[in-house]
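We use all heavy atoms of the structure for the numbers below, so side chains are in, but hydrogens, waters and symmetry mates are not. Naming: A, B, ... by sequence-line order, numbering from 1 per chain.
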Amino acid sequence: MALPTAPGSPLPAVARGGGRRKRLVWTPSQSDALRASFEQNPYPGMATRQQLAQAIGVPEPRVQIWFQNERSRRLRQHRRESRPWPGPRGPREGRRKRTAITQSQTAVLLRAFEQERFPDFATREELARETGLPESRVHIWFQNQRARHPAPG
DNA sequence: CCGCTAACGTAATCATACC
DNA sequence: GGTATGATTACGTTAGCGG
């Protein structure tokens with residue numbers, strides 16, 4: 001079957017490998033803290049995300065995803081109201097430090113990639129356990145790998 | 001049932017390390 | 001300079017919680 005090439009292309013879940021991470025439900029105080037931080041800077045760097053994550057007791061990758069989604073909502077709202085989006089203001093904060101993935105870790109990931117290009121959450125966690133890498137980095141590795149090594153056919 | 005939204009996908013791009 | 005690859009962005013889609 002034809003694999004997706006368009007952004008956000010629809011595809012049956014079965015073709016994607018199934019189960020997602022269990023959906024988070026923010027408490028009111030967590031939402032307040034996230035929104036307050038967003039008003040300060042919609043493009044937080046690793047240090048800010050880590051500090052916020054620690055403060056509200058959630059993993060940093062969940063905070064990063066929240067900011068991505070919140071920016072999308074705000075951008076769409078601004079576009080709808082024909083208002084300009086300020087974009088990043090001030091000096092950019094530092095990114096996450098580039099993760100050094102070893103040859104043996106790459107070998108494990110590559111083997112898994114050959115079996116399944118869209119590993120579900122359980123599989124990604126298993127790979128994280130095997131490699132010692134964070135699940136979020138495994139997730140990103142698969143995204144980059146899919147983008148740079150399209151499935152033949 | 002249905003709206004909202006976390007989770008997740010792509011494409012493009014930025015950043016870093018190495019030669 | 002060029003290549004390889006991890007990280008971030010915009011933006012669209014999927015799926016699950018809660019009214």
Side-chain angles (χ1 to χ4, degrees), chain A residues 1-35 37-38 41-50 52-53 56-110 112-113 116-125 127-128 131-152:
Chain A
M1 61 177 289
L3 277 179
T5 50
S9 63
L11 203 68
V14 47
R16 286 251 155 98
R20 299 180 170 202
R21 171 191 302 273
K22 182 170 153 57
R23 186 184 170 112
L24 266 185
V25 179
W26 303 106
T27 68
S29 66
Q30 286 172 333
S31 290
D32 287 349
L34 287 165
R35 277 193 291 267
S37 180
F38 189 92
N41 179 9
Y43 298 86
M46 183 57 172
T48 300
R49 294 198 307 265
Q50 198 66 260
L52 181 55
I56 67 181
V58 299
E60 178 274 339
R62 299 303 96 206
V63 172
Q64 183 172 29
I65 293 292
W66 182 88
F67 272 86
Q68 291 172 3
N69 283 325
E70 184 67 12
R71 278 198 306 270
S72 281
R73 288 190 286 272
R74 304 280 183 120
L75 281 161
R76 178 165 39 244
Q77 180 182 350
H78 278 237
R79 207 177 320 120
R80 180 160 309 167
E81 300 171 3
S82 298
R83 277 191 302 150
W85 173 253
R89 24 190 219 271
R92 300 288 294 235
E93 296 184 20
R95 293 181 167 206
R96 178 191 314 277
K97 261 193 65 171
R98 187 186 172 98
T99 302
I101 301 182
T102 67
Q103 277 191 334
S104 62
Q105 289 169 330
T106 299
V108 171
L109 295 173
L110 270 178
F113 185 76
E116 174 56 64
R117 296 167 54 86
F118 297 87
D120 61 17
F121 178 60
T123 303
R124 294 198 306 270
E125 281 220 311
L127 289 169
T131 58
L133 294 167
E135 183 275 337
S136 66
R137 299 307 88 202
V138 172
H139 201 323
I140 293 295
W141 185 91
F142 272 86
Q143 288 183 187
N144 281 326
Q145 191 72 9
R146 286 195 301 268
R148 288 159 183 165
H149 300 89

For DNA chain B, determine which residues of residues 91-101 of chain A have any heavy atom closer than 4.0 angstrom to one of its atoms, and list them numerically. A:Arg95, A:Arg98
Restricting to side chain to side chain contact (heavy atoms under 4.5 Å, CB included), what partner residues turn up for A:Pro88, sequence neighbours left out? A:Tyr43, A:Arg92
Could you identify which residues of residues 133-148 of chain A place a heavy atom less than 4.0 Å from some atom of DNA chain B, listed by residue number, or say none? A:His139, A:Gln143, A:Arg146, A:Arg148
Rounding to a whole Å, what distance do you find between A:Trp85:CH2 and C:dT9:P? 12 Å
Salt bridge (charged side-chain N to carboxylate O under 4.0 Å, His left out) filter on A:Arg62, not counting sequence neighbours, yields none
Set of residues satisfying salt bridge (charged side-chain N to carboxylate O under 4.0 Å, His left out) with respect to A:Glu93, sequence neighbours excluded: none
Considering residues at least two apart in sequence or located in another chain, which fulfil the side chain to side chain contact (heavy atoms under 4.5 Å, CB included) criterion with A:Gln50? A:Met46, A:Glu60
Listed partners of A:Glu70 passing side-chain hydrogen bond (donor to acceptor under 3.5 Å, both in side chains), at least two apart: A:Arg73, A:Arg74
What residues form a side chain to side chain contact (heavy atoms under 4.5 Å, CB included) with A:Thr27, not counting sequence neighbours? A:Ser29, A:Gln30
Show me the protein contacts with nucleotides 16-19 of chain C, counting only N or O atoms at under 3.5 Å.
from	atom 1	to	atom 2	distance (Å)
C:dG16	N2	A:Arg23	NH2	3.2

Tell me, please, which residues at least two apart from A:Arg137 pass salt bridge (charged side-chain N to carboxylate O under 4.0 Å, His left out). none
Tell me: CD of A:Glu60 to C1' of C:dT8, nearest whole Å? 12 Å
Would you please confirm or rule out a distance under 4.0 Å between OP1 or OP2 of B:dC14 and any side-chain N or O of A:Tyr43? no
Using salt bridge (charged side-chain N to carboxylate O under 4.0 Å, His left out) as the criterion, list what pairs up with A:Arg71, not counting sequence neighbours. none
So, do A:Phe113 and A:Arg146 sit near enough that their side-chain heavy atoms are less than 4.5 Å apart? yes
List in numerical order all residues of residues 67-80 of chain A for which some heavy atom is under 4.0 Å away from an atom belonging to DNA chain B. A:Asn69, A:Arg73
